[in-house]
Amino acid sequence: MSQLHEGASISDAVQLAVMNVEDNPLFHSVGNGGLPNENGKVELDAAWMDGNTLNYGAVMAVEGLKNPIAVARKLSGKQRNNVLAGEGALQYAINNQFAMRNNLSSLSLKKWKEQLVIETNHETQEAYDGHDTVCILGAKNGEVIAGLSTSGLFMKHAGRVGDTPIIGSGCYADSDIGSAAATGVGEDIMKGCLSYEIVRLMEHMSPQQACTAALAQHQKRLQRSKNIIGSMSVIALNKEGEWGAATTKNEFSFVVGQDEGSTEVWISSCEEGKVSNTRASDEWLKKYADALKHGSGN
Ligand code: GLY
């Protein structure tokens, strides 16, 4: 990654990747340009986990930060007070000279005003096209890191917190095994602590098997309780750099990067309960880029 300085760590690479999305107003579910809650406020959640130490940090329901991931990473280095919410998180960021930004773009404001005239059903809210969080997993020389950031569900209740900053649900990282992260409807992801479950399963199986098994089992369990099940997608990376992904949707896109810049976009899909992952076609990539330009990016 050309923006990385010489000798940058895998943690620096993960943070930079998350920050690139937080800073990009074309993505409407993360950072700058994120879609607001029902009060028109862009409340952000972010999490960081270091697989070497099991240290974690998170901010939740906080407004006005430029890069919530940077604050989450900083909090992960502390012994106590690792997860800060709302006003307290903002105060900590201000006191520690983190950059601020009004993340409500004119496009997000427009979408919010349009949505105000439509009644939002909080009981059945869905993620944008099934996913809503930037989830970056990194592995290098046996060290694994997870970094996540989101503005959460559009028109969520003020103060609502999704799975992203809840360690074990939104992400988990243990350098003895690997890391996992989730995106989609946080309320349903949290019912299965999906990321922790996947990392534990990876002790005995490949990342792909772990993603597929954890998601299928969780979906089955939710169906048994007759829950209205929201979309959920997961990714995993073991300490050897093998990866996996699974989704409950018919399309979930993710990116796989290897050393020295080879980057591929993949699509995971689930049809009749069967998960498959395929490389994105040129046509798909063009359509995605066009959608971003026309303001419908996630
Ligand atoms: N998955 C992010 C959220 O539910 O807020």
Side-chain angles (χ1 to χ4, degrees), residues 18 21-22 27-39 41-49 56 58-63 65 68-69 72 83-86 89 103-104 108 111-112 115 120-137 146-172 179-198 211 214-215 218-219 222 227-236 245-249 251-254 268 297-298:
V18 176
V21 181
E22 289 178 336
F27 296 105
H28 299 309
S29 56
V30 178
N32 190 17
L35 287 169
N37 66 15
E38 61 188 358
N39 295 343
K41 311 265 185 213
V42 183
E43 286 190 340
L44 305 170
D45 299 336
W48 182 270
M49 187 157 185
Y56 64 85
V59 291
M60 51 178 78
V62 60
E63 238 196 296
L65 298 185
I69 193 66
V83 179
L84 298 180
N103 290 298
L104 187 67
S108 303
K111 289 191 178 201
W112 176 71
Q115 189 62 34
T120 299
N121 184 347
H122 284 120
E123 297 302 299
T124 56
Q125 267 180 298
E126 246 301 336
Y128 324 76
D129 285 347
H131 56 100
D132 50 19
T133 307
V134 53
C135 306
I136 307 286
L137 304 177
L148 277 70
S149 186
T150 185
S151 52
L153 295 179
F154 181 31
M155 302 305 277
K156 63 189 178 183
H157 271 294
R160 178 259 185 194
V161 173
D163 59 302
T164 301
I166 307 298
I167 303 302
S169 283
C171 69
Y172 197 77
S179 58
T183 178
V185 177
E187 284 75 0
D188 286 343
I189 292 165
M190 286 189 273
K191 286 173 184 155
C193 300
L194 272 182
S195 296
Y196 183 77
E197 175 72 5
I198 291 168
C211 286
L215 201 52
H218 185 46
Q219 223 186 341
L222 290 177
N227 279 296
I228 299 164
I229 306 174
S231 58
M232 293 173 279
S233 302
V234 293
I235 55 172
T247 184
T248 61
K249 300 283 295 177
E251 186 177 287
F252 162 62
S253 56
F254 58 99
S268 187
N298 290 305

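Start at 1 with the first residue, then count along the sequence. Just follow the structure's listing: the first ligand is 1, and inside any ligand the first atom is 1.
The residue among M232, M190, E187, R160 with a heavy atom at the shortest distance from atom 5 (O) of ligand 1 is R160.
The proximity of M60 to ligand 1, defined as any non-hydrogen pair under 4.0 Å, does not occur for either the backbone or the side chain.
To the nearest 0.5 Å, atom SG of residue C193 and atom CD1 of residue I167 are 11.5 Å apart.
Within ligand 1, the atoms closer than 4.0 Å to a non-hydrogen atom of T133 are 1 (N), 2 (C), numbered from 1 in the order shown. Per-residue contacts place D132 under 4.0 angstrom from the following atoms of ligand 1 (heavy atoms of the residue considered): 1 (N), 2 (C), 3 (C), 4 (O). Close approach of ligand 1 to G152 is summarised as follows: ligand atoms under 4.0 Å from at least one heavy atom of the residue are 5 (O).
The two residues A181 and S195 have their closest heavy-atom pair at CA-OG, 3.5 Å.
Looking at T150 next to ligand 1, no N or O pair under 3.5 Å apart turns up. Residue G186 has at least one N or O atom closer than 3.5 Å to an N or O atom of ligand 1. Taking distance alone, with nitrogen or oxygen atoms compared against 3.5 Å, T183 stays at or beyond that limit from ligand 1. Ligand 1 has a nitrogen or oxygen under 3.5 angstrom from a nitrogen or oxygen of G184.
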message: Let's go through C135 and I235 carefully: what are the C-alpha distance in whole Å and the side-chain angles of both, what is the deciding distance for side chain to side chain contact (heavy atoms under 4.5 Å, CB included) to 0.1 Å, and is it a yes or a no?
response: CA-CA 8 Å; C135 306; I235 55 172; 4.0 Å; yes
query: T248 and Q219: side-chain hydrogen bond (donor to acceptor under 3.5 Å, both in side chains), yes or no, with the steps?
result: CA-CA 8 Å; T248 61; Q219 223 186 341; 4.9 Å; no
field: Test log, rule side chain to side chain contact (heavy atoms under 4.5 Å, CB included), inputs E22 and F27
entry: CA-CA 8 Å; E22 289 178 336; F27 296 105; over 6 Å; no
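For the side chain to side chain contact (heavy atoms under 4.5 Å, CB included) test with V234, the passing option among L194, T183, T247 is L194; the others fail.
Considering only non-hydrogen protein atoms, atom 2 (C) of ligand 1 sits nearest to D163 OD1, 3.2 Å.
Under the 4.0 Å criterion applied to side-chain N and carboxylate O atoms, R160 and E187 are assigned as salt-bridge partners.
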